[in-house]
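Below is one structure, written out as C-alpha cells; comments come after it.
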Amino acid sequence: MDYYLNVLEFILKGSIVTLKLYIITAIFSPIVGILAAMGKISEYKYIKKVLALYTWVFRGTPLLLQLFFAYYGLPALGISLQPFTAAALTFILNYGAYLTEIFRAGIESIGKGQYEAARVLGLKYYQTMFRIIIPQTIKRILPPTSNEAINLIKDSALVAAIGLGDTLRSAKQIVTRDFTISPFVIAAILYLIFSSGVVNVFTRLEKKYSRYE
C-alpha cells in the first residue's frame, strides 16, 4: 500500500504542471478566441485576412509540431523560451484558433431578426450583444467548447515531448524504473477524474443557459 501511495504522490506532483497548463490555457485561449472571432466578423478585410491565416496555420498543423517549433525552433530566431512558457504559449494560440471558429460560428448563427428586434426596442450595440446575442451564443457553443476543454486535458500530455514533468511523464518514469504498469493505471484514473470534473462544469452551464432555448 505504501508503494502505491508513494507512486500517487509522485504522479500528483507531475499533475501540478498539467493543472497549471490547463488553467492558463482555459483562461487565455477563450480571450484570444473571442477577440479573433470579433475580428473575423468585422468589416476590416486586412484584419480578417490576418486572422484567417492564423486559424489556418494553427488548425492545419499538428499541435506537437507547433510545440516543437515554439521550444526548438524559436531559438534559431533569437527567441528562447522556458519549456513551460513555450507550452503555455503554444496551447493558448492553438486552442484560441479552434475557439475562434467556434465563437464566430456561434455569433453568426444568431438570426438577423434578433438584431432588428433589439434595434426596434432602442437597444444600443453593446446592449444588443451582451443582453441578447452573447447569451444565446454561449448556449449554442457550449457543446463544442466542452469537447475542446476535454481534448485539452488529453493534449496536455504532449508537453512531455519537450521535457516537462507532467502527469504522464511522471507515470512513465516510475514504469521505466519499476517495470510495472500500475502507474499508468493511476495516471489514467487521474485523467478521468479531471475530465469528469470538466464535464460536470459544462453540464451545469448548459442547464443554466437552457432558458435561452
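Please read all numbers here as calculations on a predicted model, not as lab measurements.
- For S170 against I11, the heavy-atom pair with the smallest separation is CB-CA, 4.0 Å.
- In this structure, S29 OG and I34 CD1 are separated by 9.5 Å, a value rounded to the nearest 0.5 Å.
- At least one donor-acceptor pair under 3.5 Å links the side chain of S196 to the backbone N or O of L192.
- Atom NZ of K48 sits in a crowded spot, with more than 12 heavy atoms from other residues, nucleotides or ligands closer than 6.0 Å.
- Among all heavy-atom pairs drawn from I174 and P183, the shortest one is CG2-CG, 3.5 Å.
- Distance check: L152 CG to K154 NZ gives 10.5 Å after rounding to the nearest 0.5 Å.
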Please walk me through it: do Y54 and V32 pass side-chain contact (heavy atoms from CB on, under 4.5 Å)? CA-CA 11 Å; Y54 159 62; V32 172; 3.4 Å; yes
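- Residues that satisfy the salt bridge (Lys or Arg N to Asp or Glu O under 4.0 Å) test with E101, not counting sequence neighbours, are K40, R104.
- The distance from the OH atom of Y191 to the CD1 atom of I150 is 15.0 Å, given to the nearest 0.5 Å.
- Within 6.0 Å of atom OH in Y72, more than 12 heavy atoms from other residues, nucleotides or ligands are found, so the atom counts as buried in its surroundings.
- Atom OG1 of T137 is separated from atom CD1 of I133 by 6.5 Å, given to the nearest 0.5 angstrom.
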side-chain contact (heavy atoms from CB on, under 4.5 Å) between I162 and F68: does it pass, once the steps are laid out? CA-CA 7 Å; I162 60 172; F68 282 156; 4.1 Å; yes
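- With hydrophobic clusters built from ILVMFWY side chains whose heavy atoms lie under 4.5 angstrom apart, V50 does not share a cluster with L93.
- Within the 4.5 Å cutoff, side-chain heavy atoms of P143 are placed close to those of E206.
- Heavy-atom minimum distance, L67 versus A87: CD1-CA, 3.6 Å.
- F84 and I16 fall into different hydrophobic clusters, where Ile, Leu, Val, Met, Phe, Trp and Tyr are joined by side-chain heavy atoms under 4.5 Å apart, directly or via other members.
- Residues forming a ring pair (Phe, Tyr, Trp, His ring centres under 6.0 Å) with F69 (at least two apart in sequence, or on another chain): none.
- I79 and F91 fall within a single hydrophobic cluster, where Ile, Leu, Val, Met, Phe, Trp and Tyr side chains are chained together by heavy-atom contacts under 4.5 Å.
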Would you check, one step at a time, whether the test side-chain contact (heavy atoms from CB on, under 4.5 Å) holds for T203 with K207? CA-CA 6 Å; T203 300; K207 287 181 179 178; 4.2 Å; yes
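- The shortest distance between side-chain heavy atoms of I107 and M38 falls below 4.5 Å.
- A heavy-atom distance below 4.5 Å is found between the side chains of L19 and F194.
- Expressed to the nearest 0.5 Å, how far CG of L65 lies from CG of L158 amounts to 11.5 Å.
- With hydrogens and angles disregarded, no donor-acceptor distance shorter than 3.5 Å links the side chain of E148 to the backbone of P144.
- Under the side chain to side chain contact (heavy atoms under 4.5 Å, CB included) test applied with P30, the options T100, L99, T145 reduce to a single match, L99.
- Two residues are said to be in side-chain contact when any heavy atoms from C-beta on lie closer than 4.5 Å; R140 and I110 meet this criterion.
- In this structure, I181 places its CD1 atom where only 12 or fewer heavy-atom neighbours from other residues, nucleotides or ligands lie under 6.0 Å away.
- Linking ILVMFWY side-chain heavy atoms closer than 4.5 Å, directly or via other members, places L53 and I92 in a single hydrophobic cluster.
- Dense packing is recorded around CZ of R177, with more than 12 heavy atoms of other residues, nucleotides or ligands lying under 6.0 Å away.
- Counting heavy atoms from C-beta on, the side chains of T176 and K172 come closer than 4.5 Å.
- The minimum heavy-atom distance between A97 and F58, with the atom names listed, is CB-CB, 3.7 Å.
- In this structure, Y22 contributes its side chain and A149 its backbone to a donor-acceptor pair below 3.5 Å.
- In this structure, the side-chain hydrogen bond (donor to acceptor under 3.5 Å, both in side chains) partners of T167, at least two apart in sequence or on a different chain, are S15, T18.
- In this structure, CD on Q114 lies 10.0 Å from OG1 on T128, to the nearest 0.5 angstrom.
- Cluster annotation: V57 and Y98 are assigned to distinct hydrophobic clusters (Ile/Leu/Val/Met/Phe/Trp/Tyr, side-chain heavy-atom contacts under 4.5 Å, transitive).
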For D155 and Y95, run side-chain hydrogen bond (donor to acceptor under 3.5 Å, both in side chains): C-alpha distance rounded to whole Å, both residues' side-chain angles, the deciding distance at 0.1 Å, then the answer. CA-CA 11 Å; D155 284 347; Y95 275 85; 2.6 Å; yes
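- The closest donor-acceptor contact from the side chain of N151 to the backbone of N147 lies under 3.5 Å.
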Under the side-chain contact (heavy atoms from CB on, under 4.5 Å) criterion, do T55 and L51 qualify, and how do the steps go? CA-CA 6 Å; T55 54; L51 292 173; 5.7 Å; no
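- By the 4.5 Å heavy-atom criterion applied to side chains, F184 and L168 are counted as neighbours.
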